[in-house]
Amino acid sequence: MPWRLWIPDRMLSPGTMRNPWAREYALTPGRYIWGKAPSGFARELSALVPRGGRVLDLGCGEGRDSVYFASRGFAVTGVDASAAGLDKADRLAAEQRVSVRWMCRSMLDLPVIGKFDLVYSCGSIHHVSKKDRCRLFRRLRTLTRPGGVHAHIVFTDVTVYAEKGEEIDYFVPGELGKFYSDWLALRYEEGAIPCSQDGSSHSHSIERIVTKRARPGATRTDFPPRILA
(Lines give C-alpha, C1' and ligand atoms only; values in the text may rest on other atoms or scores of the structure.)
Protein backbone atom coordinates (compact mmCIF):
# COMPACT_ATOMS: atom_id res chain seq x y z
CA MET A 1 0.00 0.00 0.00
CA PRO A 2 1.22 3.55 -0.73
CA TRP A 3 2.52 5.63 2.16
CA ARG A 4 0.52 8.81 2.76
CA LEU A 5 0.94 11.78 5.05
CA TRP A 6 -2.16 13.91 5.43
CA ILE A 7 -2.08 17.34 7.05
CA PRO A 8 -5.39 19.08 7.84
CA ASP A 9 -6.07 22.16 5.71
CA ARG A 10 -6.03 24.40 8.78
CA MET A 11 -2.36 23.55 9.30
CA LEU A 12 -1.25 24.67 5.85
CA SER A 13 0.52 28.02 5.80
CA PRO A 14 -2.04 30.71 4.88
CA GLY A 15 -1.37 32.66 1.70
CA THR A 16 1.48 30.49 0.44
CA MET A 17 -0.44 28.39 -2.09
CA ARG A 18 -3.09 30.39 -3.94
CA ASN A 19 -4.85 28.51 -6.70
CA PRO A 20 -8.34 27.19 -7.48
CA TRP A 21 -7.41 23.67 -8.43
CA ALA A 22 -8.10 22.08 -5.04
CA ARG A 23 -11.70 23.26 -5.44
CA GLU A 24 -11.83 21.96 -9.00
CA TYR A 25 -10.49 18.55 -7.96
CA ALA A 26 -13.17 18.32 -5.27
CA LEU A 27 -15.92 19.27 -7.76
CA THR A 28 -14.85 16.58 -10.25
CA PRO A 29 -14.28 13.40 -8.22
CA GLY A 30 -15.06 11.14 -11.17
CA ARG A 31 -13.02 13.01 -13.78
CA TYR A 32 -9.30 13.68 -14.12
CA ILE A 33 -9.08 17.34 -15.17
CA TRP A 34 -5.60 16.91 -16.65
CA GLY A 35 -6.19 13.34 -17.80
CA LYS A 36 -4.43 10.18 -16.71
CA ALA A 37 -1.65 10.12 -19.32
CA PRO A 38 1.69 11.63 -18.27
CA SER A 39 2.83 14.97 -19.62
CA GLY A 40 5.33 15.01 -22.44
CA PHE A 41 7.73 16.77 -20.10
CA ALA A 42 7.67 13.86 -17.65
CA ARG A 43 8.26 11.36 -20.45
CA GLU A 44 11.31 13.26 -21.64
CA LEU A 45 12.82 13.41 -18.16
CA SER A 46 12.58 9.75 -17.27
CA ALA A 47 15.76 9.02 -19.23
CA LEU A 48 17.71 11.34 -16.89
CA VAL A 49 16.85 9.43 -13.71
CA PRO A 50 19.05 6.48 -12.78
CA ARG A 51 17.51 3.06 -12.28
CA GLY A 52 15.68 2.98 -8.94
CA GLY A 53 16.24 6.73 -8.48
CA ARG A 54 14.22 9.01 -6.21
CA VAL A 55 11.79 11.56 -7.67
CA LEU A 56 10.09 14.47 -5.89
CA ASP A 57 7.00 15.78 -7.74
CA LEU A 58 5.93 19.21 -6.44
CA GLY A 59 2.30 20.20 -6.91
CA CYS A 60 1.51 16.74 -8.27
CA GLY A 61 -2.26 17.40 -8.40
CA GLU A 62 -4.15 14.34 -9.65
CA GLY A 63 -0.94 12.36 -9.88
CA ARG A 64 -0.51 11.58 -13.57
CA ASP A 65 3.23 12.33 -13.66
CA SER A 66 3.98 10.84 -10.24
CA VAL A 67 2.28 7.61 -11.29
CA TYR A 68 4.20 7.58 -14.56
CA PHE A 69 7.53 8.00 -12.78
CA ALA A 70 6.60 5.17 -10.40
CA SER A 71 5.72 2.95 -13.39
CA ARG A 72 9.30 3.48 -14.58
CA GLY A 73 10.59 1.91 -11.38
CA PHE A 74 11.48 5.12 -9.51
CA ALA A 75 10.81 5.79 -5.82
CA VAL A 76 8.36 8.71 -6.06
CA THR A 77 7.14 11.25 -3.52
CA GLY A 78 4.18 13.33 -4.74
CA VAL A 79 3.38 16.53 -2.86
CA ASP A 80 0.20 18.60 -3.16
CA ALA A 81 -1.84 20.82 -0.84
CA SER A 82 -5.12 19.34 -2.14
CA ALA A 83 -6.48 16.25 -0.41
CA ALA A 84 -9.07 15.87 -3.18
CA GLY A 85 -6.33 15.86 -5.81
CA LEU A 86 -4.36 13.24 -3.91
CA ASP A 87 -7.45 11.06 -3.55
CA LYS A 88 -7.55 10.91 -7.33
CA ALA A 89 -3.81 10.37 -7.49
CA ASP A 90 -4.08 7.46 -5.08
CA ARG A 91 -6.80 5.84 -7.21
CA LEU A 92 -4.71 6.27 -10.34
CA ALA A 93 -1.72 4.65 -8.65
CA ALA A 94 -3.92 1.71 -7.64
CA GLU A 95 -5.20 1.38 -11.22
CA GLN A 96 -1.63 1.30 -12.52
CA ARG A 97 -0.52 -1.00 -9.68
CA VAL A 98 2.29 1.24 -8.55
CA SER A 99 3.20 2.69 -5.17
CA VAL A 100 3.73 6.41 -4.57
CA ARG A 101 4.42 8.22 -1.32
CA TRP A 102 1.78 10.97 -1.20
CA MET A 103 2.11 14.03 1.02
CA CYS A 104 -0.73 16.51 1.53
CA ARG A 105 1.44 19.49 2.29
CA SER A 106 2.50 22.87 0.99
CA MET A 107 5.73 22.52 -0.98
CA LEU A 108 7.12 25.20 1.35
CA ASP A 109 6.90 22.75 4.24
CA LEU A 110 8.36 19.49 3.00
CA PRO A 111 8.86 16.85 5.71
CA VAL A 112 11.21 14.79 3.56
CA ILE A 113 14.80 13.78 4.13
CA GLY A 114 17.57 12.33 2.03
CA LYS A 115 18.57 13.20 -1.51
CA PHE A 116 16.56 13.04 -4.74
CA ASP A 117 17.73 12.31 -8.28
CA LEU A 118 14.95 14.43 -9.83
CA VAL A 119 13.06 17.37 -8.36
CA TYR A 120 10.17 18.13 -10.70
CA SER A 121 7.28 20.55 -11.07
CA CYS A 122 4.90 21.14 -13.96
CA GLY A 123 2.88 24.34 -13.64
CA SER A 124 2.88 24.67 -9.86
CA ILE A 125 5.75 26.78 -8.48
CA HIS A 126 4.26 30.02 -9.85
CA HIS A 127 1.56 29.59 -7.19
CA VAL A 128 4.21 30.14 -4.53
CA SER A 129 4.56 33.82 -3.66
CA LYS A 130 7.70 35.61 -4.83
CA LYS A 131 8.76 36.36 -1.27
CA ASP A 132 8.91 32.63 -0.51
CA ARG A 133 10.64 31.39 -3.65
CA CYS A 134 14.23 31.87 -2.55
CA ARG A 135 13.50 29.82 0.56
CA LEU A 136 11.84 27.12 -1.53
CA PHE A 137 14.71 26.82 -4.01
CA ARG A 138 17.29 26.74 -1.21
CA ARG A 139 15.41 23.85 0.36
CA LEU A 140 15.13 21.99 -2.94
CA ARG A 141 18.86 22.28 -3.51
CA THR A 142 19.55 20.62 -0.17
CA LEU A 143 17.33 17.71 -1.21
CA THR A 144 19.30 16.97 -4.40
CA ARG A 145 22.11 14.49 -4.97
CA PRO A 146 25.30 15.62 -6.70
CA GLY A 147 24.47 14.99 -10.34
CA GLY A 148 20.75 15.25 -9.60
CA VAL A 149 18.36 17.09 -11.91
CA HIS A 150 15.78 19.83 -11.36
CA ALA A 151 13.10 20.32 -14.01
CA HIS A 152 10.35 22.95 -13.88
CA ILE A 153 7.69 24.59 -16.02
CA VAL A 154 6.43 27.96 -14.71
CA PHE A 155 4.11 30.65 -16.04
CA THR A 156 5.65 34.01 -16.98
CA ASP A 157 4.16 37.48 -17.32
CA VAL A 158 4.66 37.69 -21.10
CA THR A 159 1.04 36.55 -21.52
CA VAL A 160 -1.24 37.01 -18.52
CA TYR A 161 -4.47 35.00 -18.41
CA ALA A 162 -6.14 34.24 -15.07
CA GLU A 163 -8.62 31.37 -15.10
CA LYS A 164 -11.07 30.20 -12.46
CA GLY A 165 -10.10 33.06 -10.15
CA GLU A 166 -6.51 31.94 -9.70
CA GLU A 167 -3.85 34.26 -8.31
CA ILE A 168 -0.36 33.80 -9.74
CA ASP A 169 2.93 35.47 -8.95
CA TYR A 170 4.17 35.23 -12.52
CA PHE A 171 7.86 34.70 -13.16
CA VAL A 172 9.69 37.40 -15.10
CA PRO A 173 11.42 35.98 -18.23
CA GLY A 174 14.86 34.78 -17.19
CA GLU A 175 14.01 34.70 -13.47
CA LEU A 176 13.84 30.92 -13.19
CA GLY A 177 17.31 30.47 -14.66
CA LYS A 178 18.84 32.83 -12.11
CA PHE A 179 18.03 30.38 -9.33
CA TYR A 180 20.34 27.89 -11.07
CA SER A 181 23.15 30.11 -12.33
CA ASP A 182 25.76 27.82 -10.73
CA TRP A 183 24.26 24.56 -12.07
CA LEU A 184 24.80 22.84 -15.42
CA ALA A 185 22.13 23.76 -17.97
CA LEU A 186 20.62 20.88 -19.93
CA ARG A 187 17.63 22.75 -21.37
CA TYR A 188 16.18 26.23 -21.12
CA GLU A 189 13.25 27.47 -23.21
CA GLU A 190 10.61 30.15 -23.34
CA GLY A 191 7.35 29.62 -25.15
CA ALA A 192 3.63 29.15 -24.69
CA ILE A 193 1.25 26.30 -23.97
CA PRO A 194 -2.41 26.10 -25.04
CA CYS A 195 -5.16 25.71 -22.45
CA SER A 196 -8.96 25.66 -22.29
CA GLN A 197 -9.76 24.57 -18.74
CA ASP A 198 -12.25 27.41 -18.27
CA GLY A 199 -14.02 26.67 -21.56
CA SER A 200 -12.20 29.39 -23.50
CA SER A 201 -9.18 28.66 -25.68
CA HIS A 202 -6.15 30.64 -24.50
CA SER A 203 -2.43 30.23 -23.85
CA HIS A 204 0.01 30.69 -21.01
CA SER A 205 3.54 31.94 -21.54
CA ILE A 206 6.06 29.67 -19.85
CA GLU A 207 9.67 29.02 -19.02
CA ARG A 208 10.92 25.45 -19.02
CA ILE A 209 14.19 24.49 -17.41
CA VAL A 210 16.15 21.27 -16.96
CA THR A 211 19.34 21.72 -14.98
CA LYS A 212 21.82 19.52 -13.18
CA ARG A 213 23.64 19.88 -9.90
CA ALA A 214 27.32 19.64 -10.71
CA ARG A 215 29.34 16.84 -9.20
CA PRO A 216 32.50 17.86 -7.34
CA GLY A 217 35.14 18.93 -9.86
CA ALA A 218 32.71 19.48 -12.73
CA THR A 219 33.07 22.51 -14.99
CA ARG A 220 30.40 25.17 -14.70
CA THR A 221 28.59 26.23 -17.91
CA ASP A 222 26.38 29.23 -18.54
CA PHE A 223 22.76 28.95 -19.58
CA PRO A 224 22.34 28.67 -23.35
CA PRO A 225 20.47 31.27 -25.41
CA ARG A 226 16.72 31.32 -24.94
CA ILE A 227 14.83 29.14 -27.36
CA LEU A 228 11.18 29.63 -28.24
CA ALA A 229 9.32 26.34 -27.74
Side-chain angles (χ1 to χ4, degrees), residues 1-7 21 25 31-107 109-125 136-137 139-154 180 183-189 193 208-216 218:
M1 294 295 290
W3 189 98
R4 293 191 287 178
L5 174 63
W6 300 103
I7 303 297
W21 299 110
Y25 297 150
R31 177 172 69 90
Y32 285 77
I33 294 174
W34 310 108
K36 295 182 179 181
S39 67
F41 194 37
R43 290 181 181 274
E44 293 172 11
L45 294 167
S46 63
L48 300 179
V49 184
R51 183 174 182 179
R54 297 184 72 201
V55 176
L56 178 62
D57 185 356
L58 301 169
C60 64
E62 299 165 308
R64 61 175 184 155
D65 287 343
S66 289
V67 168
Y68 170 73
F69 287 129
S71 75
R72 302 288 294 176
F74 307 136
V76 182
T77 299
V79 179
D80 202 278
S82 169
L86 291 181
D87 280 341
K88 292 184 180 184
D90 205 19
R91 293 201 305 271
L92 183 59
E95 288 178 14
Q96 299 295 323
R97 298 184 179 181
V98 298
S99 179
V100 178
R101 185 189 191 199
W102 304 114
M103 289 189 171
C104 190
R105 297 292 287 261
S106 162
M107 67 180 75
D109 185 24
L110 294 172
V112 294
I113 58 175
K115 302 293 185 179
F116 289 86
D117 298 283
L118 172 64
V119 175
Y120 170 84
S121 74
C122 186
S124 61
I125 289 182
L136 172 64
F137 282 108
R139 171 66 169 144
L140 297 180
R141 290 164 75 103
T142 67
L143 293 172
T144 310
R145 298 183 192 276
V149 171
H150 284 199
H152 307 293
I153 292 177
V154 300
Y180 294 102
W183 283 34
L184 304 178
L186 303 180
R187 180 178 179 184
Y188 182 58
E189 299 171 330
I193 56 173
R208 183 192 340 253
I209 195 170
V210 182
T211 186
K212 184 175 183 179
R213 180 182 177 187
R215 297 181 184 277

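Values in this document were obtained by computation on a predicted structure and should not be read as measured data.
The two residues Tyr25 and Gly61 come nearest to each other via the heavy atoms OH-CA, 3.6 Å. Closest approach of Gly78 and Ser66 over heavy atoms only: CA-OG, 3.8 Å. Here the closest heavy-atom approach between residue Val76 and residue Ala70 is recorded as CG2-N, 3.5 Å. The two atoms that bring Cys104 and Ser82 nearest to each other are SG-C, 4.0 Å, heavy atoms only. Residues Arg101 and Pro111 come closest through the heavy atom pair NH2-O, 4.4 Å. Nearest heavy atom pair, residue Val149 against residue Leu186, reads CG2-CD1, 4.4 Å.
A donor atom on one side chain and an acceptor atom on the other are found under 3.5 Å apart for His152 and Ser121.
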For Met103 and Val112, run side-chain contact (heavy atoms from CB on, under 4.5 Å): C-alpha distance rounded to whole Å, both residues' side-chain angles, the deciding distance at 0.1 Å, then the answer. CA-CA 9 Å; Met103 289 189 171; Val112 294; 3.4 Å; yes

Applying side-chain contact (heavy atoms from CB on, under 4.5 Å), run through Thr77 and Cys60 and close with a yes or a no. CA-CA 9 Å; Thr77 299; Cys60 64; over 6 Å; no

Which is it for Val55 and Leu45 under the side-chain contact (heavy atoms from CB on, under 4.5 Å) test, yes or no, and what are the steps along the way? CA-CA 11 Å; Val55 176; Leu45 294 167; over 6 Å; no

For Phe69 and Val100, run side-chain contact (heavy atoms from CB on, under 4.5 Å): C-alpha distance rounded to whole Å, both residues' side-chain angles, the deciding distance at 0.1 Å, then the answer. CA-CA 9 Å; Phe69 287 129; Val100 178; over 6 Å; no

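Classified by interplanar angle (parallel below 30°, tilted 30° to 60°, perpendicular above 60°), the ring pair Phe41/Tyr120 is tilted.
Separating the CG atom in Leu143 from the NE2 atom in His150 is a distance of 7.5 Å, to the nearest 0.5 Å. Within the model, atoms CG of Leu140 and CE of Met107 stand 8.5 Å from one another, a figure rounded to the nearest 0.5 Å. To the nearest 0.5 angstrom, Thr142 atom OG1 is 13.0 Å from Phe137 atom CZ. Here the CG-CG distance, from Leu110 to Leu136, works out to 7.5 Å after rounding to the nearest 0.5 Å. To the nearest 0.5 angstrom, Ser46 atom OG is 3.5 Å from Tyr68 atom OH. The distance from the CZ atom of Arg145 to the CG atom of Leu118 is 12.0 Å, given to the nearest 0.5 Å.
No side-chain donor-acceptor contact under 3.5 Å links Thr144 to the backbone of Phe116. Under the 3.5 Å distance criterion, the side-chain polar atoms of Asp65 are matched with a main-chain donor or acceptor of Ser39.
Within the structure, salt bridge (charged side-chain N to carboxylate O under 4.0 Å, His left out) pairs that include any residue of residues 38-64 comprise Glu44-Arg187, Glu62-Lys88 (at least two apart or interchain).
In terms of the salt bridge (charged side-chain N to carboxylate O under 4.0 Å, His left out) criterion, Lys115 has no residue partners (sequence neighbours excluded). Under the salt bridge (charged side-chain N to carboxylate O under 4.0 Å, His left out) criterion, Arg91 pairs with no residue at all, not counting sequence neighbours.
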